[in-house]
K.L.:
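For reference, the structure I am asking about is given below.
Atoms within a ligand are numbered from 1 in the order they appear, just like the ligands themselves. Bear in mind the structure is a predicted one, so any value in this text is a computation, not a measurement.
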Amino acid sequence: MTGKAAYYLTTPIYYVNDSPHIGHAYTSLACDVLARFMRLDGHEVFFLTGTDEHGQKVEKSAAAAGRPPKEFVDEVSERFRALTKLMNFSNDDFIRTTEERHIRSCQELWRRIAANKSPKGRDNIYLDTYGGWYSVRDEAFYGEAELVKGADGEKLASSGAPVEWVEEPSYFFRLEDWRERLLEYYALRDGTVVAPESRRNEVESFVKGELFDLSISRTSFSWGIPVPGDDAHIMYVWLDALTNYITATGFPDEDSARYKTFWPASLHMVGKDILRFHTVYWPAFLMAAGLEPPERVFAHGWWTNEGEKISKSLGNVIDPADIVAQFGLDQVRYFLLREVPFGNDGDFSRRAMVGRINSELANDFGNLAQRVLSMMHKNCDAQMPQPGALRDADKVLLSSAEKLIDTVRVEIGENQAFHEALTQIWAVVRQANGYIAEQEPWVLRKTDPERMATVLYVAAECIRHLATICQPFMPDSCATMLDQLGAPQEGRDFTSLGSDGALVPGTGLPKPEPVFPRFVEDAPADG
Ligand code: MSP
């Protein structure tokens, strides 16, 4: 996913009536880190999130709350806007599927799909009757073969959600005719369109199997976007929801600057549960409308909580606001992307969180910065010291720091391997700690103050590189660290890496405060 000037990055729009939880925060966090990384690397970025507000599930929740649906969604969508603020997401837009711009876009997309023929020369959309299993919870149709038996012998979707038999007139999308085109699409860009590879295999084998035409309209409820020319039908909520990605670029105004710059999307970041919607239905709809499909879809894994599936009924849903309040925002952002290889499932445990905060943030990175900054503050008149001639050990450390961005660019930009990027960054953090331990600047203070100045300067330059590269993960903490180093505001993007943006000797330094404090458990209350 590299080599372009402008990147369009999206995260799934949240089901508006859900309560924000760690899973929501995770998809968008990964996308936020990618967006921030690309911006710092000199690219134009458009990063989108928002809320998915139509469908039977929302209609039912509004009715249960005794509210008109629009009034209900206006209120609950604010919880997700608040999540973006809480998590410090840098989204450029927040789309709601009940907005006028989206309704216009969906109807136009439908018209184009309907106006075109499938690759087999048939109508892409036709009217018939749907009879089959539907899960309101998943807003998805299920074939008989996909159902499982519940504890009382009742039929359940493979996801465990209840299903009901639905029989009603429906428009269908001729999915089957798009098989070959979809398979060609997966092979593009050396087969990296769907990532990770295991997900690509999963999707490919699904498409090679029996593909049923997809029911894309409903008549038994009304909370949705009317089908153009047939108001008795509303569009299937997933067709409506997926279209948000193109609406936000200005579609159907294809002359708009945003559309021209950003479509097709560079990357849709999604969880593995919604892979099929993004890699089968969505590209097929787009191709049928004569539009370009997204360049890449990355599906990450799922989190469990202390080893258990996260679910409302188990009462173990992790509210991002709670963990941010307990552990700190940047600590949570770091943990979520460091703990689990991106793409795999992972487990959230308090122990693992505290472990990483104390060993990697407080001990490794925090201590490195605090030690160097406080020595400069005390022993160099609170100024960035003037280095003397560099020795081999200095050059080795600086070269590792300077080369780091190239590795990280590949891991984040190309592979979305956030955990791997952090592992590489921490290798340099540890190397810098080793350098300080070897050079012993506290000894040099008495024996060779000039050499001490060089060692502290070299270490500070290394910390500047680390803090600059870590900004996408931990924006606030890294900004504080860069402030403490006296790095100029305008010299914090990746063009400042290397010697071009080197710290300026003589710059005044503020009194340093630890950026990553240790996490100390509250003492149990007496009695
Ligand atoms: N509304 C749809 C998306 C429509 S996009 C056109 C939807 N919304 S969601 O709110 O249920 O999910 C949002 C994101 O949260 C998805 O990427 C989903 O995978 C992710 N997660 C929800 N629970 C999760 C975990 N327990 N773990 C990790 N991520 C999970 O789907």
K.L.:
With heavy-atom distances below 4.0 Å as the criterion, list the atoms of ligand 1 near G301.
P.N.:
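Ligand 1 atoms under the 4.0 Å threshold to G301: 28 (C).
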K.L.:
What distance separates E414 CD from R296 CZ, expressed to the nearest 0.5 Å?
P.N.:
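Answer rounded to 0.5 Å: 8.5 Å.
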K.L.:
Where on W238 is there a heavy atom closer than 4.0 Å to ligand 1, on the side chain, on the backbone, on both, or on neither?
P.N.:
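It is the side chain that touches ligand 1; the backbone stays farther off.
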K.L.:
Got the closest protein heavy atom to atom 27 (N) of ligand 1, with its distance?
P.N.:
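The closest one turns out to be W303 N, 2.9 Å.
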K.L.:
Of all the heavy atoms in S28, does at least one lie under 4.0 Å from an atom in ligand 1?
P.N.:
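Outside the 4.0 Å threshold, so no.
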K.L.:
Which residue holds the protein heavy atom closest to atom 15 (O) of ligand 1, what is that atom called, and what is the gap in Å?
P.N.:
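Among all protein heavy atoms, the one nearest atom 15 (O) of ligand 1 is G23 O, 3.4 Å.
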K.L.:
Is it the case that the side chains of T98 and E53 hold a donor-acceptor pair, with the cut-off being a distance below 3.5 Å and no angle test?
P.N.:
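Note: E53 and T98 side chains meet the donor-acceptor criterion.
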K.L.:
Using a distance-only test with no angle check, is there a side-chain donor-acceptor pair under 3.5 angstrom linking S158 and E146?
P.N.:
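No - no donor-acceptor pair under 3.5 Å links their side chains.
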K.L.:
Any N or O on D52 sitting closer than 3.5 Å to an N or O of ligand 1?
P.N.:
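Yes: some nitrogen or oxygen of D52 is under 3.5 Å from one in ligand 1.
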K.L.:
So with a 6.0 Å cut-off around CD of E197, is the heavy-atom count from everything else above 12?
P.N.:
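12 or below, so no.
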K.L.:
How far is atom 13 (C) of ligand 1 from the closest protein heavy atom, and which atom is that?
P.N.:
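Looking at atom 13 (C) of ligand 1, the protein heavy atom closest to it is H24 CD2, 3.8 Å.
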K.L.:
Looking only at distances, please establish whether an N/O atom of ligand 1 is found under 3.5 Å from an N/O atom of Y15.
P.N.:
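It does: an N or O of Y15 is found under 3.5 Å from an N or O of ligand 1.
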K.L.:
Less than 4.0 Å is my threshold; does some heavy atom of K309 fall inside it relative to ligand 1?
P.N.:
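The answer is no: ligand 1 sits nowhere under 4.0 Å from a heavy atom of K309.
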K.L.:
Hey, does L242 come in under 3.5 Å of ligand 1, counting only N/O atoms on both sides?
P.N.:
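It does not: no N or O of L242 is found under 3.5 Å from an N or O of ligand 1.
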K.L.:
Heavy atoms only, cut-off 4.0 Å: how does H21 contact ligand 1, side chain, backbone, both, or neither?
P.N.:
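Answer for H21: side chain.
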K.L.:
Number the atoms of ligand 1 from 1 as they appear, then name those within less than 4.0 Å of a heavy atom of I274, with their elements.
P.N.:
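Those atoms are 16 (C), 17 (O), 31 (O).
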K.L.:
Hey, which atoms in ligand 1 end up nearer than 4.0 Å to a heavy atom of H300?
P.N.:
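That gives atoms 28 (C), 29 (N) of ligand 1.
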K.L.:
Side chains of D32 and S90: is there a donor and an acceptor less than 3.5 Å apart?
P.N.:
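Side chains of D32 and S90: pair found under 3.5 Å.
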K.L.:
Are a donor atom and an acceptor atom from the side chains of D347 and W303 found within less than 3.5 Å of each other?
P.N.:
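No, no side-chain donor-acceptor pair sits under 3.5 Å.
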K.L.:
Begin with the C-alpha distance, continue with both residues' side-chain angles, and end with the deciding distance and a verdict on side chain to side chain contact (heavy atoms under 4.5 Å, CB included) for Y7 and E44.
P.N.:
CA-CA 6 Å; Y7 288 86; E44 198 183 346; over 6 Å; no
K.L.:
Under a 4.0 angstrom heavy-atom cut-off, which atoms of ligand 1 come close to P12?
P.N.:
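It comes down to these atoms of ligand 1: 3 (C), 5 (S), 16 (C), 17 (O).
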K.L.:
Are Y134 and E139 linked by a side-chain donor-acceptor pair shorter than 3.5 Å?
P.N.:
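Yes - a donor-acceptor pair under 3.5 Å links their side chains.
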K.L.:
Backbone or side chain, does any N or O of D273 fall under 3.5 Å from an N or O of ligand 1?
P.N.:
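Between D273 and ligand 1, an N or O pair is found under 3.5 Å apart.
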K.L.:
Any N/O of H278 closer than 3.5 Å to an N/O of ligand 1?
P.N.:
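It does not: no N or O of H278 is found under 3.5 Å from an N or O of ligand 1.
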K.L.:
Which atoms of ligand 1 are found less than 4.0 Å from any heavy atom of A241?
P.N.:
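With A241 as reference, the close atoms of ligand 1 come out as 6 (C).
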K.L.:
For ligand 1, is there an atom lying under 4.0 Å from some heavy atom of Y245?
P.N.:
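Per 4.0 Å heavy-atom rule, Y245 contacts ligand 1.
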K.L.:
Looking only at protein heavy atoms, which one is nearest to atom 3 (C) of ligand 1, and how far off is it?
P.N.:
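The closest heavy atom on the protein side is I13 O, 3.2 Å.
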K.L.:
As an exercise, identify every atom of ligand 1 less than 4.0 angstrom from a heavy atom of Y14.
P.N.:
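Selected atoms, number and element: 10 (O).
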K.L.:
Would one find an N or O of G271, backbone or side chain, under 3.5 Å from an N or O of ligand 1?
P.N.:
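Yes; at least one N/O pair falls below 3.5 Å.
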K.L.:
Do W133 and E144 pair up side chain to side chain, a donor and an acceptor below 3.5 Å, judged on atom types alone?
P.N.:
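Judged by distance alone, the side chains do pair up.
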K.L.:
Is there a nitrogen or oxygen of T27 sitting under 3.5 Å from a nitrogen or oxygen of ligand 1?
P.N.:
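Yes; at least one N/O pair falls below 3.5 Å.
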K.L.:
Say you draw a straight line from OG of S28 to CE of M269; how long is it, rounded to the nearest 0.5 Å?
P.N.:
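With rounding to 0.5 Å, OG (S28) is 9.5 Å from CE (M269).
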K.L.:
Can you tell me if S477 uses its side chain to pair, donor with acceptor, with the backbone of M474 under 3.5 Å?
P.N.:
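Checked: no pair found.
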K.L.:
For Y171 and D230, does a side-chain donor sit closer than 3.5 Å to a side-chain acceptor?
P.N.:
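Side-chain D/A pair, Y171 to D230: present.
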K.L.:
If only side-chain N and O atoms count, and only distance matters, is there a donor-acceptor pair under 3.5 Å linking T51 with R81?
P.N.:
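No donor-acceptor contact under 3.5 Å links the two side chains.
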